[in-house]
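Read through the structure below, which is laid out as structure tokens, and then see the notes.
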Number of protein chains: 4
Amino acid sequence: MVKDQLLIKKRREQMIKAAVTLFIQKGFHRTTTREIAKESGFSIGTLYEYIGSKEDILYLVCDSIYDQVSENLKKRLKQDVEGIDSLRYAIAALFRVIDDLQDEVLVMYQESKSLPKEALRYVLQKEFEMTELIQEVIQECVTKGHLELTDQEIYQSAHNILVQAHMWTFRRWAIQNKYTLDEYTEIQTNLFLNGLLKK
Amino acid sequence: MVKDQLLIKKRREQMIKAAVTLFIQKGFHRTTTREIAKESGFSIGTLYEYIGSKEDILYLVCDSIYDQVSENLKKRLKQDVEGIDSLRYAIAALFRVIDDLQDEVLVMYQESKSLPKEALRYVLQKEFEMTELIQEVIQECVTKGHLELTDQEIYQSAHNILVQAHMWTFRRWAIQNKYTLDEYTEIQTNLFLNGLLKK
Amino acid sequence: MVKDQLLIKKRREQMIKAAVTLFIQKGFHRTTTREIAKESGFSIGTLYEYIGSKEDILYLVCDSIYDQVSENLKKRLKQDVEGIDSLRYAIAALFRVIDDLQDEVLVMYQESKSLPKEALRYVLQKEFEMTELIQEVIQECVTKGHLELTDQEIYQSAHNILVQAHMWTFRRWAIQNKYTLDEYTEIQTNLFLNGLLKK
Amino acid sequence: MVKDQLLIKKRREQMIKAAVTLFIQKGFHRTTTREIAKESGFSIGTLYEYIGSKEDILYLVCDSIYDQVSENLKKRLKQDVEGIDSLRYAIAALFRVIDDLQDEVLVMYQESKSLPKEALRYVLQKEFEMTELIQEVIQECVTKGHLELTDQEIYQSAHNILVQAHMWTFRRWAIQNKYTLDEYTEIQTNLFLNGLLKK
DNA sequence: GATGAATGAGTCTTCATTCAT
DNA sequence: TATGAATGAAGACTCATTCAT
């Protein structure tokens with residue numbers, strides 16, 4: 001196996017990019033390691049200098065996607081917004097991040113089940129942490145008195161919002177030709193908030 | 001190919017049952033036709049008397065699941081409930097149906113993407129029709145003045161409800177150990193309705 | 001896997017014959033499963049209907065050779081010969097059997113080390129049993145008073161005789177162009193016996 | 001390719017040592033060049049500065065083992081022993097040398113067949129020369145009248161003795177847990193000589 | 001002289017599908 | 001109708017060897 005850490009990083013990025021492209025087109029199982037190597041720009045031998053098995057690629061892909069989503073989301077959440085708008089803003093931010101990484105997210109949604117058990121657990125953990133980011137924003141709104149929700153409702157709302165973000169990709173056939181991302185964001189935010197605002 | 005229609009039906013049901021069991025355990029791609037034949041109780045030769053290719057099995061499975069969900073849901077929706085409760089009732093019914101067919105729904109969620117294009121279109125069409133069932137219930141509430149929603153909101157709400165039903169299965173790792181189906185139903189219904197009721 | 005036991009036996013015999021031919025020529029590791037299939041007269045797919053892995057073939061080969069050697073030897077040992085001649089006869093019989101199965105024995109000598117652990121143990125056990133056959137003949141001569149040997153000497157003599165039989169194959173480059181099997185048998189018998197006869 | 005002869009010698013010795021260790025553990029074919037390089041303490045690139053192909057390593061190993069055995073044996077044979085004892089002594093010396101280089105000898109026994117033809121011939125030549133060393137000792141005993149043997153018997157006896165020495169390694173599973181090297185030496189010497197001494 | 005990243009031919013093995021019985 | 005033996009294309013992965021630095 002190759003030693004140069006920088007090279008490893010570079011090559012793996014090449015692989016991940018190639019893999020996402022191919023997984024989108026044909027799914028994980030129908031994509032061959034040779035195809036990934038070719039799309040990555042190197043030989044099958046070289047591919048295996050950087051991974052141990054085909055499943056490793058799927059893992060790298062999932063891991064990288066989470067990191068990207070997470071990083072981008074955190075970057076956006078830093079903005080200083082107050083009150084109920086902080087939640088509005090968070091939802092919009094999340095939706096936008098997912099929209100930007102649409103293909104990647106879709107791949108992860110469809111293929112992560114093929115991960116070996118241990119890796120799957122790890123990936124689910126990341127999904128959990130992402131949900132918590134949203135949960136915290138909601139919690140803050142509740143704490144500050146802008147929303148009135150039970151703990152269970154907070155927890156479930158966070159999951160709902162995340163799934164609604166993912167929905168934008170995995171149900172694109174039903175949604176994306178109906179409205180733009182901005183419209184979608186507004187509709188979902190309204191549906192969600194109108195019921196939660198104190199009356 | 002076999003001609004006796006009754007036999008065809010019987011054999012296909014055997015296959016579908018076997019396939020669902022196996023797809024749940026190992027996914028479509030990791031399940032072999034031989035395994036399906038064995039689990040079905042007949043030989044690989046016989047299997048191919050009733051299907052043309054492995055993908056046909058996946059199609060049969062998906063088709064059958066939709067029919068079951070659809071049929072069960074329609075049965076439940078027949079109940080005569082009035083006003084906003086009709087929607088409450090519809091949500092509960094949907095959630096219950098999905099819960100009953102949990103494994104099947106999960107398989108469809110995870111594997112339908114492997115369907116050949118034509119078959120996928122057909123299956124999505126069924127998903128559409130299912131959404132319309134919910135949409136109609138919402139629409140009725142709006143028409144009758146129990147809810148105030150734009151057309152887009154109606155459309156999106158129907159999708160949301162359906163996805164929330166599916167969520168109960170594909171996010172079970174995060175939800176099913178938190179609350180029972182009844183609790184889940186109540187939480188989701190509250191979150192949804194409290195915002196939609198006229199104030 | 002194929003069910004018809006008779007067919008399994010037949011196919012495996014084909015495989016074993018093909019494998020011995022090839023292993024002799026190029027050794028186990030340099031022989032591919034495809035070559036074995038081809039030489040056996042069927043496709044690679046069919047080959048794997050009758051074995052689980054390449055190592056299985058080696059095991060089948062070794063097992064079969066032992067059975068052949070053993071069977072042939074036992075057949076020959078049945079002859080009714082008395083006194084010290086029973087030993088002379090046994091040695092000659094053993095040498096002849098090994099000579100008949102020269103290639104097979106050589107393969108086993110050179111390749112059995114590549115057997116997976118468990119299989120190796122099993123094969124060594126068979127080698128042991130074969131040695132015991134010789135040991136018994138010697139023992140009988142001692143018991144009857146034709147030879148005077150300690151237990152250790154009996155044990156070691158049996159091993160020596162067996163190795164001398166194998167030697168005829170694995171040292172053929174030094175021996176077989178010097179004398180015929182009959183001559184070899186006589187020389188070895190003399191060298192061995194002349195020292196053991198009571199003086 | 002490197003030119004410094006001293007360095008070549010040093011590097012090759014490192015390689016041989018590493019290779020023997022690994023060949024013992026896993027055999028020639030299952031050992032990779034990378035592993036040999038690593039165990040040798042240098043890179044795969046460096047390895048190929050000192051050899052042309054993997055087979056070269058096997059050749060170096062075999063050649064080196066013969067040289068060691070041969071050298072050690074000759075050293076021991078120098079002792080001044082007279083009469084039949086010279087043969088006793090030679091046998092003991094040979095057995096001891098082989099015992100000292102047990103692993104190496106075993107490797108050679110099991111793997112030399114994988115040598116390319118030309119190299120194999122060369123190695124067999126060395127084996128021949130080694131046999132001749134023993135042959136000479138026996139011949140001397142015959143010439144001096146201590147033993148009475150035909151030429152063929154002399155030739156074969158030398159081979160027998162050598163194979164008995166090797167047997168100590170390749171049949172260790174049956175012998176080494178029965179008696180010590182000294183006991184083994186005594187048994188074999190007795191079995192051999194008692195028949196050859198003039199009566 | 002030493003390094004180690006890159007290569008790709010070659011290997012074992014799987015599995016959907018066919019077809020004679 | 002049912003069976004299951006036969007097929008071979010295709011896939012994951014290995015490893016001896018090269019060569020630019």
Side-chain angles (χ1 to χ4, degrees), chain A residues 1-4 7-8 10-11 29-38 40-57, chain B residues 1-4 7-8 11 29-38 41-57, chain C residues 1-4 7-8 10-11 29-38 40-57, chain D residues 1-4 7-8 11 29-38 41-57:
Chain A
M1 274 261 203
V2 174
K3 293 176 176 176
D4 183 337
L7 193 54
I8 291 183
K10 183 182 150 198
R11 292 275 178 267
H29 283 103
R30 291 199 216 279
T31 302
T32 69
T33 52
R34 275 198 149 74
E35 286 169 326
I36 297 172
K38 196 173 181 189
S40 302
F42 36 70
S43 72
I44 182 67
T46 300
L47 184 86
Y48 275 91
E49 290 287 321
Y50 295 93
I51 53 152
S53 76
K54 193 187 172 190
E55 277 172 346
D56 285 359
I57 303 178
Chain B
M1 270 267 197
V2 177
K3 292 182 177 171
D4 180 340
L7 193 52
I8 291 183
R11 291 277 180 263
H29 283 102
R30 293 198 215 277
T31 301
T32 68
T33 51
R34 273 179 147 94
E35 286 170 323
I36 297 172
K38 194 174 182 191
F42 38 73
S43 72
I44 183 68
T46 302
L47 185 87
Y48 274 87
E49 291 291 323
Y50 297 92
I51 53 153
S53 79
K54 192 187 172 190
E55 278 170 345
D56 285 359
I57 304 176
Chain C
M1 272 261 202
V2 174
K3 293 177 175 175
D4 182 338
L7 193 54
I8 291 183
K10 182 182 151 199
R11 292 275 179 267
H29 283 102
R30 292 199 215 278
T31 302
T32 68
T33 51
R34 276 199 148 71
E35 286 169 326
I36 297 172
K38 197 174 180 190
S40 303
F42 36 71
S43 72
I44 183 66
T46 301
L47 183 87
Y48 274 91
E49 289 288 322
Y50 295 92
I51 53 152
S53 76
K54 193 186 172 190
E55 277 172 345
D56 284 0
I57 303 178
Chain D
M1 270 269 198
V2 177
K3 291 184 178 171
D4 181 339
L7 192 51
I8 291 184
R11 291 276 180 263
H29 283 102
R30 292 199 215 276
T31 302
T32 68
T33 51
R34 272 177 147 96
E35 286 170 324
I36 297 172
K38 194 175 182 191
F42 39 72
S43 73
I44 183 67
T46 301
L47 185 86
Y48 273 88
E49 292 291 323
Y50 295 93
I51 53 153
S53 78
K54 192 187 173 189
E55 279 170 345
D56 285 359
I57 303 176

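Order of the sequence lines fixes the chain letters, A, B, ..., with proteins taken first and strands second; residue numbering starts at 1 for each chain.
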**OP:** Specify whether D:His29 and C:His29 have parallel, tilted or perpendicular ring planes, treating 30° as the upper limit for parallel and 60° as the lower limit for perpendicular.
**Re:** parallel
Subject >> Euclidean distance, atom CD1 of residue A:Ile36 to atom P of F:dC13 [Å, nearest integer] >> reply: 10 Å
Subject >> Nearest-0.5 Å distance that lies between atom NZ in D:Lys3 and atom CD1 in D:Ile8 >> reply: 10.5 Å
**OP:** Would you check if A:Ile57 and A:Leu47 make a side-chain contact, meaning some heavy-atom pair closer than 4.5 Å?
**Re:** yes
**OP:** To the nearest Å, give me how far apart CG (B:Leu47) and C1' (F:dT1) are.
**Re:** 14 Å
Subject >> Distance test, side-chain N/O of A:Arg11 to OP1/OP2 of E:dA6, below 4.0 Å >> reply: yes
Original post:
Nearest 0.5 Å, what's the OH-CD1 distance between B:Tyr48 and B:Ile51?
Top reply: 5.0 Å
Original post:
Within the pair D:Thr46 and E:dA2, is there a side-chain N or O less than 4.0 Å away from OP1 or OP2?
Top reply: no
Original post:
With C:Arg30, which residues qualify under salt bridge (Lys or Arg N to Asp or Glu O under 4.0 Å), at least two apart?
Top reply: D:Glu55
**OP:** To the nearest Å, give me how far apart CD1 (C:Ile51) and C1' (E:dT14) are.
**Re:** 13 Å
**OP:** For B:Ile44 and for A:Ile44, find the nucleotide of DNA chain F with the closest heavy atom, then tell me which residue's nucleotide is more 5'.
**Re:** B:Ile44
**OP:** Give a yes or no on whether a donor-acceptor pair under 3.5 Å exists between the nucleobase atoms of E:dT14, that is its base, and the side chain of B:Arg30.
**Re:** no
Original post:
Quick one: on DNA chain E, does C:Ser53 or B:Ser53 contact a more 5' nucleotide (nearest heavy atom)?
Top reply: C:Ser53
Subject >> salt bridge (Lys or Arg N to Asp or Glu O under 4.0 Å) against B:Arg34, all qualifying residues, sequence neighbours excluded >> reply: C:Glu49
Subject >> First of A:Leu7 and C:Arg34 reached from the 5' end of DNA chain E, by closest nucleotide >> reply: A:Leu7
**OP:** Mind calculating the distance between NE2 (B:His29) and P (F:dA10) to the nearest angstrom?
**Re:** 16 Å
Original post:
Roughly, in whole Å, what's the span from NZ in B:Lys38 to C1' in F:dA2?
Top reply: 18 Å
Original post:
Where do D:Leu7 and D:Tyr50 land on the side-chain contact (heavy atoms from CB on, under 4.5 Å) test, with the steps shown first?
Top reply: CA-CA 10 Å; D:Leu7 192 51; D:Tyr50 295 93; 3.5 Å; yes
Original post:
Given E:dG1, is OP1 or OP2 found less than 4.0 Å from the side-chain N or O atoms of D:Tyr50?
Top reply: no
Subject >> Short side-chain N/O contact to E:dC15 OP1/OP2 from B:Thr33, under 4.0 Å >> reply: no
**OP:** For B:Thr32, report the nucleic acid contact type (base, sugar-phosphate, nothing); a contact means any heavy atom under 4.0 Å.
**Re:** sugar-phosphate
Subject >> A:Lys54 side-chain proximity, nearest of F:dC13, F:dT3, F:dT1 >> reply: F:dC13
Subject >> side-chain hydrogen bond (donor to acceptor under 3.5 Å, both in side chains) involving B:Ser43 - partner list, sequence neighbours excluded >> reply: B:Thr46
Original post:
For C:Ile8 and F:dA6, what is the distance between atoms CD1 and P respectively, to the nearest whole Å?
Top reply: 10 Å
**OP:** Apply side-chain hydrogen bond (donor to acceptor under 3.5 Å, both in side chains) to A:Thr33 and list each qualifying residue two or more places apart in sequence or on a separate chain.
**Re:** none
**OP:** Tell me the stems DNA chain E sits in, counting at least three consecutive Watson-Crick or G-U wobble pairs, each under 3.5 Å on both distances.
**Re:** E:2-21 with F:2-21
**OP:** Can you sort out the partners of B:Ser53 under side-chain hydrogen bond (donor to acceptor under 3.5 Å, both in side chains), two or more places apart, ordered by chain and number?
**Re:** none
**OP:** Using heavy atoms to find the nearest nucleotide of DNA chain F for B:Asp4 and D:Glu55 separately, return the residue whose nucleotide is more 5′.
**Re:** B:Asp4
For nucleotides 19-21 of chain F, give me every protein contact, N/O to N/O, under 3.5 Å, one pair per line with atom names.
none

**OP:** Would you mind classifying the nucleic acid contact of B:Lys3 as base, sugar-phosphate or nothing, using non-hydrogen atoms under 4.0 angstrom?
**Re:** sugar-phosphate
